[in-house]
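The first residue in the sequence is number 1, and the count goes up from there.
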Amino acid sequence: MPATPSPAEDFGPWPPATEPASRRRRRDEAGREAGRRDQPGRDTGRRDPAGRDGGRRDRASRNGGHGNNDNNGSNGHHPEPHPGGDPLPDDPADTGDTPEDTAPLPPVRRLVSLGVAGFAALVTIALIVGAQTRHESYAVVIFGVQALFVGVWTIASRPPAPRVVGIVGIAVAIGTDVAAVLTRPASLAPLAYVTAAGFIIGVVGQLTRPAGRQRVTESLGSSLVVTLGVVAFASLVVLGRIPHGTQAIVACLAAAGTALFIARFSDAIAALPRIAPQVPRGGAGVVLGTMVGTAVAGAIGNYLDGISPLPSALAGLATAIVAVMVDLSVGYAEASRIIDGDEPALWLARHIQGPIGAIAFAAPAAYVASTLLLL
């Protein structure tokens with residue numbers, strides 16, 4: 001009996017309705033593989049291991065690794081990160097939950113803020129009341145404040161050669177006070193000469209100390225700041241000798257002192273918003289202090305003879321801004337030293353350095369503003 005020919009040879013291809021299921025599955029799989037190869041960027045590997053396992057890994061990465069536990073157990077392996085390299089959501093590097101060592105913020109001590117506010121008010125009152133006396137007596141008052149400034153700034157800033165800085169500061173204070181009282185007519189030129197002489201003495205003293213040139217830049221910087229501070233105080237004596245200069249001193253220093261007092265008093269109530277994490281000061285107090293100081297200067301200009309309210313308010317505004325900015329800069333400098341790991345200075349000098357420095361450098365601002373607006 002002859003061999004039975006295959007259906008394809010005898011009757012042609014199978015009709016779709018009568019084609020065996022296994023043949024249809026193989027044909028469909030071949031078509032899908034050809035289409036996958038024609039599409040760029042698609043995986044052309046084996047369908048079962050790559051497709052099913054890749055889908056499981058993708059679903060496990062989206063579900064946090066808790067899905068399809070029965071399939072993972074049967075396959076003998078755990079879910080892995082997505083082939084694209086994305087870490088799982090519970091990875092600390094991805095979620096940012098890694099604990100970091102952060103230093104605690106310095107607290108705002110209310111009693112300290114109140115004490116500093118009171119100190120600023122006392123220094124302001126002393127300078128205003130002293131301006132009502134004779135020029136020689138006012139120079140004595142100024143020298144007392146200068147000596148306090150030299151001591152506080154030297155202790156708080158901790159220069160490499162504190163004795164040299166202190167001696168130069170006291171010598172310049174005496175020279176500027178004498179020049180401010182005896183010079184005829186009143187002028188700032190003798191104060192400039194004394195400042196240059198004091199700086200030269202400071203340079204020589206720093207270079208001849210036993211440590212030589214070690215940290216000489218820091219030492220010269222401290223000497224320069226102390227020298228400028230004591231000369232700034234002496235400018236008030238010169239301003240008091242000018243006609244209507246006493247009224248200008250009262251208006252400008254009252255604005256500066258009020259701004260410092262309100263700023264510190266506001267910090268004692270609520271130091272908000274925090275200006276910087278490491279600086280325990282509030283921005284609201286700074287703005288409010290400047291505004292109140294300007295208003296006080298304008299009110300004083302309305303009551304004192306020889307000056308008018310608007311120029312007095314403008315001069316007070318300039319002086320108050322300089323005062324609060326210097327006070328803030330001292331706080332930033334102290335925070336920088338603490339961050340660098342330096343030991344904190346004596347607490348009393350550290351806290352009153354800001355107000356005494358603010359009033360010192362507000363004095364030349366008062367002189368300039370008064371000369372331009374009031375005199």
Would you call [X] and [Y] a side-chain contact if the rule is heavy atoms closer than 4.5 Å?
X    : Y    : result
V226 : V168 : no
T227 : T195 : yes
V286 : I275 : yes
V231 : V194 : no
T154 : P159 : yes
V123 : P355 : no
Q132 : V250 : yes
I262 : S266 : yes

Hydrophobic clustering (ILVMFWY, side-chain heavy atoms < 4.5 Å, transitive) - are [Y] and [X] grouped together?
X    : Y    : answer
V324 : V287 : no
L236 : L304 : yes
L182 : L239 : yes
I167 : V203 : no
L148 : V225 : yes

Expected output: side-chain [X] to main-chain [Y] donor-acceptor under 3.5 Å:
X    : Y    : value
Q146 : V230 : yes
S308 : L310 : no
S235 : A232 : yes

Can you measure from [atom1] ([X]) to [atom2] ([Y]) and round to the nearest 0.5 angstrom?
X    : Y    : atom1 : atom2 : answer
C252 : L127 : SG    : CG    : 12.5 Å
F119 : H351 : CZ    : NE2   : 13.0 Å
I142 : F233 : CD1   : CZ    : 7.0 Å
F149 : Q353 : CZ    : CD    : 8.0 Å
S187 : R241 : OG    : CZ    : 9.5 Å
I174 : F143 : CD1   : CZ    : 4.5 Å

Please list every donor-acceptor pair under 3.5 Å in which a side-chain atom of residues 365-375 meets a protein atom from a residue at least two apart or in another chain.
unit_1: S370; atom_1: OG; unit_2: A366; atom_2: O; d: 2.6
unit_1: T371; atom_1: OG1; unit_2: Y367; atom_2: O; d: 2.8

So, using side chain to side chain donor-acceptor pair (under 3.5 Å) as the criterion, who are the partners of E334 when residues are at least two apart? R337
On a heavy-atom basis, which atom in A126 and which in V141 lie closest, and how many Å separate them? O-CG1, 4.0 Å
Taking all non-hydrogen atoms of both residues into account, name the closest pair between F265 and L114 and its distance. CD1-CD2, 3.5 Å
Salt bridge present between D327 and R281 (N-O < 4.0 angstrom): yes
Using a side-chain heavy atom cutoff under 4.5 Å and only I, L, V, M, F, W and Y, what cluster partners does [X] have?
X    : value
I125 : V129
V116 : V112
Y193 : none
L122 : none

Got a sec: does the CZ of R274 have more than 12 other heavy atoms crowding it under 6.0 Å? yes
For L111, does the CG atom sit with more than 12 other heavy atoms under 6.0 Å from it, leaving out its own atoms? no
